[in-house]
Amino acid sequence: MKNYHLYIIYTLVAILFGVAFHLHNSKEKSIVDYNEVIIHQSSGEEMKILIPEAHARIFAIPEKISFSGEKVPMDLPDVRERFEREIYVNAYWQSNMILLMKRANKFLPIIEEILLQNGIPEDFKYLAMVESGLLNVASPAGARGFWQFMPETAKENKLEVNDDVDERYHLEKSTLAATRYLKASYGRFGNWTSVAASYNMGMSGLGKRKVEQKMTSYYDLLLNEETSRYLFRILAFKEIFEHPSKYGFKLVENDLYRLPNFRELKVTQSIPNLADWALRHNTNYKELKIHNPWLRSSKLTVANGKEYILKIPVN
């Protein structure tokens with residue numbers, strides 16, 4: 001047993017020395033720092049190993065970027081710095097970015113199609129990422145879902161919100177509602193950059209700041225911290241998603257999450273108990289709620305003339 005342990009230790013040492021030698025001779029590294037690790041052997045002896053210390057990477061920030069076909073003025077020092085901040089914050093929050101990339105494979109195709117059908121630039125899919133991380137989150141202020149609609153704004157954009165049903169959690173319907181808001185904002189401001197900013201602070205809020213400061217461009221406005229960073233977060237997600245390997249993310253197809261196949265059932269009558277209903281349709285309450293998150297209680301009340309489509313996963 002002792003010889004087996006020594007064999008493992010010596011193999012590990014050989015690998016580490018190989019890594020150290022490679023780093024030492026790398027053209028990109030003129031100086032290599034090491035951490036000292038002490039291994040206590042079963043014989044009571046100690047072995048010291050020097051492990052090359054990881055270094056944070058400095059990324060080459062692109063000179064030209066755009067949002068929805070509109071040029072970002074990267075020649076302005078504060079614009080470049082704000083963009084760079086969000087690149088480093090998100091590229092080095094690796095756990096969040098990896099999960100977002102895996103999760104995006106489930107939902108982005110649906111969002112992209114709805115944006116395209118409604119004349120909204122594809123870059124707005126990254127706005128949904130910034131809003132929610134593509135999760136059905138709830139904010140302390142009361143916003144809900146991928147697009148973070150407040151109750152009144154949701155109703156204004158034709159979403160149903162009540163005790164049984166909250167369509168802010170319905171991916172397709174909430175994305176369609178978002179396109180309505182974005183179109184209205186574009187009608188007011190005439191450029192997609194301002195539309196994105198208005199999604200964060202409201203059309204009235206952004207319009208007021210433009211009047212007060214006598215500026216029309218988002219990049220020339222002094223705004224609150226959240227809105228000031230908002231578009232740059234969107235741009236950072238776009239940059240990292242479009243060039244993942246540049247920022248150290250090398251996911252392959254098998255790493256990505258996928259939605260199951262569904263069968264859709266039309267419901268025109270109230271369901272007093274969703275758990276019972278699920279069992280009758282060869283699924284269970286958990287699966288029903290996961291894939292129909294807009295169902296917000298244990299029942300579904302259906303008004304006269306109303307109908308709902310429930311998705312049931314096909315095994």
Side-chain angles (χ1 to χ4, degrees), residues 106-120 122 124-125 127-128 131-132 134-139 141-188 195 198-199 202-204 258-315:
K106 293 198 295 185
F107 304 120
L108 283 194
I110 297 171
I111 293 173
E112 289 167 351
E113 182 178 358
I114 295 172
L115 294 177
L116 177 63
Q117 290 174 349
N118 290 274
I120 302 298
E122 186 177 312
F124 277 88
K125 66 189 180 185
L127 184 148
E131 285 289 326
S132 64
L134 301 181
L135 293 168
N136 276 311
V137 294
S139 78
R144 300 284 187 273
F146 279 25
W147 295 93
Q148 287 291 278
F149 278 107
M150 295 293 286
E152 290 307 313
T153 308
K155 293 173 184 177
E156 290 170 3
N157 287 278
K158 303 181 181 180
L159 294 179
E160 183 178 352
V161 180
N162 57 50
D163 290 342
D164 286 356
V165 172
D166 191 338
E167 290 181 335
R168 293 178 293 173
Y169 293 100
H170 193 298
L171 177 57
E172 291 85 353
K173 290 185 178 181
S174 66
T175 302
L176 183 58
T179 67
R180 295 190 185 102
Y181 182 94
L182 297 171
K183 282 182 178 180
S185 183
Y186 187 81
R188 176 167 180 172
V195 170
S198 77
Y199 200 90
M203 285 186 253
S204 297
R258 293 171 179 79
L259 289 174
N261 294 321
F262 293 110
R263 56 191 173 100
E264 296 184 343
L265 299 179
K266 183 186 295 185
V267 175
T268 57
Q269 295 182 337
S270 295
I271 302 174
N273 187 301
L274 287 172
D276 290 339
W277 186 92
L279 292 174
R280 288 199 301 272
H281 291 86
N282 300 315
T283 186
N284 59 52
Y285 187 76
K286 182 190 77 171
E287 293 290 329
L288 182 64
K289 284 299 196 82
I290 286 175
H291 299 298
N292 301 275
W294 51 273
L295 294 169
R296 304 311 295 172
S297 73
S298 60
K299 61 182 176 61
L300 175 61
T301 303
V302 182
N304 290 334
K306 186 78 175 178
E307 66 179 41
Y308 299 95
I309 301 297
L310 297 183
K311 294 179 180 179
I312 307 297
V314 177
N315 296 326

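Here the structure is a predicted model, which means the values were calculated and not measured.
- Counting only heavy atoms from C-beta outward, the side chains of Val267 and Trp277 approach each other to under 4.5 Å.
- Between atom CZ of residue Arg180 and atom CG of residue Leu182 there is a gap of 11.5 Å, rounded to the nearest 0.5 Å.
- When all heavy atoms of Gly142 and Arg168 are compared, the pair lying nearest together is O-NH1, 2.9 Å.
- With a 6.0 Å radius and a threshold of 12 heavy atoms from other residues, nucleotides or ligands, Gln117 has its CD atom above the threshold.
- Of the inter-residue distances, the one linking Asn162 atom CG with Lys155 atom NZ reads 8.0 Å to the nearest 0.5 angstrom.
- Looking only at side-chain heavy atoms (C-beta outward), Val161 and Glu152 stay at 4.5 Å or farther from each other.
- With hydrogens and angles disregarded, no donor-acceptor distance shorter than 3.5 Å links the side chain of Glu160 to the backbone of Glu167.
- Using a 4.5 Å cut-off on side-chain heavy atoms (C-beta onward), Leu310 and Ile271 make contact.
- In this structure the side chain of Thr175 never reaches within 4.5 angstrom of the side chain of Ile110, judged on heavy atoms.
- Annotation: side chain of Ile114 is in contact with side chain of Glu172 (closest heavy-atom distance under 4.5 Å).
- When all heavy atoms of Arg263 and Asn282 are compared, the closest pair comes out as NH2-CB, 3.9 Å.
- Residues Leu274 and Ser298 have side chains not in contact (no heavy-atom distance under 4.5 Å, counting atoms from C-beta outward).
- One distance of note links OG1 of Thr283 with NZ of Lys289; it measures 13.0 Å at 0.5 Å rounding.
- With hydrogens and angles disregarded, no donor-acceptor distance shorter than 3.5 Å links the side chain of Tyr186 to the backbone of Ile120.
- Across Leu134 and Phe107, no two heavy atoms sit closer than the pair O-CE1, 3.9 Å.
- Within the 4.5 Å cutoff, the side chain of Ile111 has no heavy atoms near those of the Phe124 side chain.
- Within 6.0 Å of the NZ atom in Lys306, the count of heavy atoms belonging to other residues, nucleotides or ligands exceeds 12.
- A donor-acceptor pair under 3.5 Å links the side-chain atoms of Ser198 to the main chain of Val195, judged by distance alone.
- Going from atom CZ of Arg144 over to atom CE of Met150 covers 8.5 Å, rounded to the nearest 0.5 Å.
- Asn284 places a side-chain N or O within 3.5 Å of a backbone atom of Lys286 that can act as its donor or acceptor partner.
- Of all heavy-atom pairs spanning Met203 and Ser185, the tightest one is SD-CA, 3.5 Å.
- Taking the six-membered ring where tryptophan is involved, the planes of Trp294 and His170 are tilted, since the angle between them lies from 30° to 60°.
- Heavy atoms only, all atoms of each residue included: Phe149 and Asn157 are closest at CE2-ND2, 4.2 Å.
- Side chain of Asp164 to backbone of Ser297: no donor-acceptor contact under 3.5 angstrom is found.
- Closest heavy-atom contact between Trp147 and Glu131: O-OE1, 4.1 Å.
- A donor-acceptor contact shorter than 3.5 Å links the side chain of Ser132 to the backbone of Phe146.
- Considering CD of Glu307 and NZ of Lys266, their distance stands at 4.5 Å, rounded to 0.5 Å.
- One distance of note links OH of Tyr169 with CG of Leu159; it measures 12.5 Å at 0.5 Å rounding.
- A donor-acceptor pair is defined here as one N or O able to donate and one able to accept, closer than 3.5 Å; no such pair exists between the side chain of Asn292 and the backbone of Leu295.
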